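The structure presented is a predicted model; accordingly, all values stated were derived computationally and were not measured.
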Protein chains: 2
Amino acid sequence: MLTERQRMILNAIVDDYISSAEPVGSRSISKRGDVGYSPATIRNEMADLEDLGYLEQPHTSAGRIPSHKGYRYYVDHLVPWNSAETAELGTIRAFFAEKLNATEQVIQHAAMILSNMTNYTSILLGPEVFHTSLRHFQLLPLDDKTAVAIIVTSTGQVENKTVSLPPGISVSEMEKVVNLLNSKLVNVPLYKLKSQLYSELGEEMQRHISHYEELMQVLDTALESDHEQRIYLSGATNMLTQPEFKDVDKVKTILDLLEETPTLLKMLTPASGGTGMQVRIGTENKHEAFANCSLITATYSLDGKPLGSIGILGPTRMEYARVMGILGILSRDLTAMLAHWYK
Amino acid sequence: MLTERQRMILNAIVDDYISSAEPVGSRSISKRGDVGYSPATIRNEMADLEDLGYLEQPHTSAGRIPSHKGYRYYVDHLVPWNSAETAELGTIRAFFAEKLNATEQVIQHAAMILSNMTNYTSILLGPEVFHTSLRHFQLLPLDDKTAVAIIVTSTGQVENKTVSLPPGISVSEMEKVVNLLNSKLVNVPLYKLKSQLYSELGEEMQRHISHYEELMQVLDTALESDHEQRIYLSGATNMLTQPEFKDVDKVKTILDLLEETPTLLKMLTPASGGTGMQVRIGTENKHEAFANCSLITATYSLDGKPLGSIGILGPTRMEYARVMGILGILSRDLTAMLAHWYK
DNA sequence: GTTAGCACTCTAACGAGATGAGTGCTAACC
DNA sequence: GGTTAGCACTCATCTCGTTAGAGTGCTAAC
């Protein structure tokens with residue numbers, strides 16, 4: 001649809017704008033050297049690109065800035081994205097060379113590394129316990145009224161929840177049930193736990209146990225999917241350094257949204273539908289507060305199933321190439337690392 | 001040292017400045033009605049108060065603002081602090097009426113409530129596991145190289161840590177040791193765990209166990225005080241709404257500091273020395289980034305020992321009376337609640 | 001001791017050029 | 001026909017002098 005020359009010019013404009021945050025004029029494009037035309041010619045093309053919707057003009061006598069459509073085209077067709085040769089490869093490899101042996105810890109650390117490297121905000125979704133399975137279950141009485149339920153998953157994550165005990169349940173009986181539960185439910189995926197609880201322990205137990213109803217109630221809440229995905233956010237304040245967010249009020253609404261876990265979840269999870277890298281530009285994000293933001297996400301997986309996502313949030317004027325490169329490497333390496341641990 | 005009239009005027013100025021954030025002039029004080037003097041008289045007193053160091057003048061023809069010394073005097077002698085009658089009492093009571101049965105959950109929730117009520121930033125220190133004791137210890141093998149160590153404390157908190165296992169340790173032997181450990185170390189304060197580990201299991205075990213050295217190494221790292229105090233931060237973005245922080249750069253350094261756990265710890269922990277409420281004004285905080293901030297902290301305790309702190313961070317121009325009232329109630333109620341749970 | 005009055009100071013707000021980056025258009029050039 | 005030089009025009013931003021107003025300090029009167 002676009003001529004080769006138009007693509008070159010669009011590319012040059014987006015590149016320029018990404019690094020300068022200023023509307024870019026015909027002269028500066030001409031001077032760059034990689035587009036060998038005079039300002040006048042470039043002006044003509046720019047007018048055409050604006051008509052086609054790829055560029056915008058803040059006001060008559062200013063340069064052009066990319067529109068959302070322009071960014072979209074840039075991301076889809078022009079980004080020089082070679083994840084293998086990113087300059088930051090070294091940093092990432094160094095990160096994975098460190099000896100970290102807990103998944104959560106790795107993810108958390110990765111969030112920091114990401115935001116530091118990119119100077120944007122990183123949002124990581126911890127491993128989705130949903131697809132992992134039960135390794136061990138335990139119910140530990142604290143006093144006669146409360147107990148701690150502990151669930152260890154196949155990926156070594158530990159979830160715990162305090163439950164209140166109804167009066168009259170004996171410790172020994174509880175132990176018996178928990179033991180049975182362990183023998184029956186180990187390796188069952190977490191999301192099937194509650195249904196299996198009833199099918200496996202249903203009839204069989206009812207006559208062996210005195211307080212069947214109450215006990216089931218306790219186990220039910222204990223296995224309740226409190227196992228939410230954990231979200232790790234890092235570098236939120238980097239938003240403040242972006243010139244487009246010098247308006248304190250706007251940046252406040254953004255930072256406020258970032259403090260809300262459900263919002264972040266909603267932003268990151270749909271990405272797990274597709275496996276590849278996803279870029280959501282401006283209004284493609286659901287919240288209007290993010291109209292001037294872009295979100296780039298990738299997923300990491302285990303056994304081919306996406307486990308969680310890693311994402312970078314920045315202004316629409318974002319270093320797409322660099323960020324995509326970094327995310328690409330990191331998601332691949334994370335996947336490899338997990339595969340290596342839990343093969 | 002100050003005359004009654006000077007105290008009245010200082011009080012009026014601080015009150016006014018707290019609610020307006022503008023230098024306050026003699027006329028506006030006179031008009032308030034509670035100081036029945038003409039602007040000229042008040043001007044004279046203001047000049048004296050400035051000489052004494054309680055007030056400052058941004059420039060010659062502006063009103064006065066309180067100096068740090070002025071705030072300090074206000075906090076120490078003038079704040080109308082009646083924690084019992086705070087208007088927010090209802091909100092707090094409603095919060096405690098909710099049925100929450102995990103300490104952590106309560107603290108986390110309290111952080112949110114606090115920042116919402118005050119519109120400042122709340123910083124809460126989770127229960128200091130340091131002073132709690134061991135209820136249960138467990139070492140759960142994940143595969144032949146790694147295991148999860150789980151520690152349940154007397155207050156029902158669950159700490160877990162992934163440790164790597166040296167090759168050649170048998171599962172049964174490990175179980176034996178862990179069982180012994182449980183029988184010997186339950187109810188030992190966490191901070192004594194490591195030393196007791198050696199004194200209790202030292203000679204006795206050495207001959208019964210094949211890989212004594214390696215096993216001890218594992219247990220050592222498992223009991224390592226990874227049990228850091230957890231910090232709950234809420235409403236950090238409220239900083240952005242304060243007019244004194246309209247400068248994005250300054251607020252960025254503050255928010256960046258708030259992202260660093262060690263900094264927060266350092267700011268909150270010294271407060272646990274004294275039992276009462278502490279107010280640190282401006283440069284009394286250690287970091288110079290907080291030169292324009294005040295931090296008010298209170299502690300909650302169990303069995304008379306301070307367990308953790310709750311704090312509010314805001315501009316030096318802060319609603320001291322209100323915040324101190326709220327913190328007072330909350331810390332008292334938290335203490336009562338913990339006492340009720342773990343009596 | 002208190003207060004009215006007044007000259008003085010200093011910031012913030014306003015508005016009128018001046019500046020300059022950038023455009024669109026036309027006409028000339030290859 | 002595609003490309004480019006030239007030029008008039010637009011418009012945000014910067015500068016600078018002026019003004020308005022809030023507030024002070026001082027003096028003199030009450």
Side-chain angles (χ1 to χ4, degrees), chain A residues 2-10 12-17 19-67 70 243-244 246-247 317, chain B residues 2-10 12-17 19-67 70 243-244 246-247 317:
Chain A
L2 296 186
T3 68
E4 188 54 38
R5 192 167 73 183
Q6 284 174 323
R7 295 161 56 115
M8 273 175 62
I9 291 177
L10 179 56
I13 290 175
V14 176
D15 274 349
D16 235 46
Y17 186 64
S19 59
S20 74
E22 300 283 321
V24 356
S26 54
R27 221 175 94 86
S28 55
I29 294 298
S30 174
K31 273 195 302 189
R32 282 169 51 117
D34 52 348
V35 184
Y37 294 97
S38 76
T41 310
I42 293 173
R43 272 205 293 283
N44 289 332
E45 295 286 26
M46 279 163 89
D48 290 350
L49 283 169
E50 186 176 354
D51 287 342
L52 290 169
Y54 294 99
L55 296 179
E56 283 172 357
Q57 214 171 6
H59 54 266
T60 334
S61 73
R64 304 299 210 291
I65 62 175
S67 67
E244 39 265 89
K246 66 174 192 294
D247 178 8
R317 179 191 64 78
Chain B
L2 295 186
T3 69
E4 188 54 35
R5 192 166 75 183
Q6 284 174 324
R7 295 161 57 115
M8 273 176 61
I9 291 177
L10 178 56
I13 291 175
V14 176
D15 274 349
D16 234 48
Y17 185 65
S19 59
S20 74
E22 300 284 323
V24 355
S26 54
R27 222 175 93 87
S28 53
I29 294 298
S30 174
K31 272 195 302 189
R32 283 169 50 118
D34 53 346
V35 185
Y37 293 98
S38 76
T41 310
I42 293 174
R43 273 205 294 282
N44 289 331
E45 294 286 26
M46 279 162 89
D48 289 351
L49 283 170
E50 186 176 353
D51 287 343
L52 291 169
Y54 294 99
L55 297 179
E56 282 171 0
Q57 214 171 8
H59 55 265
T60 333
S61 73
R64 304 299 211 291
I65 62 175
S67 66
E244 38 265 90
K246 66 175 192 295
D247 178 8
R317 179 191 64 76

message: Taking 4.0 Å as the cut-off, does a side-chain nitrogen or oxygen of S26(A) come that near to OP1 or OP2 on dG22(C)?
response: no
message: If you define the side chain from C-beta out and look only at heavy atoms, does anything of P39(B) sit under 4.5 Å from R43(B)?
response: yes
message: Tell me which nucleotide, if any, is Watson-Crick or G-U wobble paired with dC30(D) when both distances must be under 3.5 Å.
response: dG1(C)
task: For T41(A), answer base if it contacts any base atom (sugar-phosphate contacts may also be present), sugar-phosphate if it contacts only those atoms, and nothing otherwise; contact means non-hydrogen atoms under 4.0 Å.
output: base
Value in whole Å for how far the C1' atom of dT2(C) lies from CD of Q6(B): 16 Å
message: By nearest atom, which of the nucleotides dT10(D), dT3(D), dT2(C) is closest to the Y37(A) side chain?
response: dT3(D)
statement: On a heavy-atom basis, the closest approach of E22(B) and Y17(B) is O-CD1, 3.0 Å
- prompt: For K31(B) and dT3(C), what is the distance between atoms NZ and P respectively, to the nearest whole Å?
  reply: 17 Å
statement: Tightest non-hydrogen contact, residues P243(A) and R317(A), listed as CD-NH2, 3.7 Å
- line: Tightest non-hydrogen contact, residues G70(B) and L10(B), listed as O-CD2, 4.4 Å
- request: Check whether any side-chain N or O of R27(B) sits under 4.0 Å from OP1 or OP2 of dA4(C), and answer yes or no.
  value: no
query: OP1 or OP2 of dG20(C) sitting under 4.0 Å from any side-chain N/O of S61(A)?
result: no
query: Counting side-chain heavy atoms from CB outward, which of dA5(D), dC11(D), dG25(D) is closest to H59(A)?
result: dC11(D)
query: Quick one: I65(A) CD1 to dT23(C) C1', roughly how many Å, whole number?
result: 16 Å
Which residue lies more 5' along DNA chain C, comparing P23(A) with N44(A) via nearest heavy atoms: P23(A)
- request: Output the distance between atom CZ (R32(B)) and atom CD1 (I13(B)), rounded to the nearest 0.5 Å.
  value: 9.5 Å
field: Shortest side-chain distance from R43(A), nucleotide among dA4(C), dT2(C), dC25(C)
entry: dC25(C)
- prompt: Closest to the R64(A) side chain: dT23(C), dT10(D), dT4(D)?
  reply: dT23(C)
query: Between S38(B) and dT3(C), does any side-chain N or O lie under 4.0 Å from OP1 or OP2?
result: yes
query: Nearest of dT23(C), dT3(C), dT3(D) to any side-chain atom of M46(A)?
result: dT23(C)
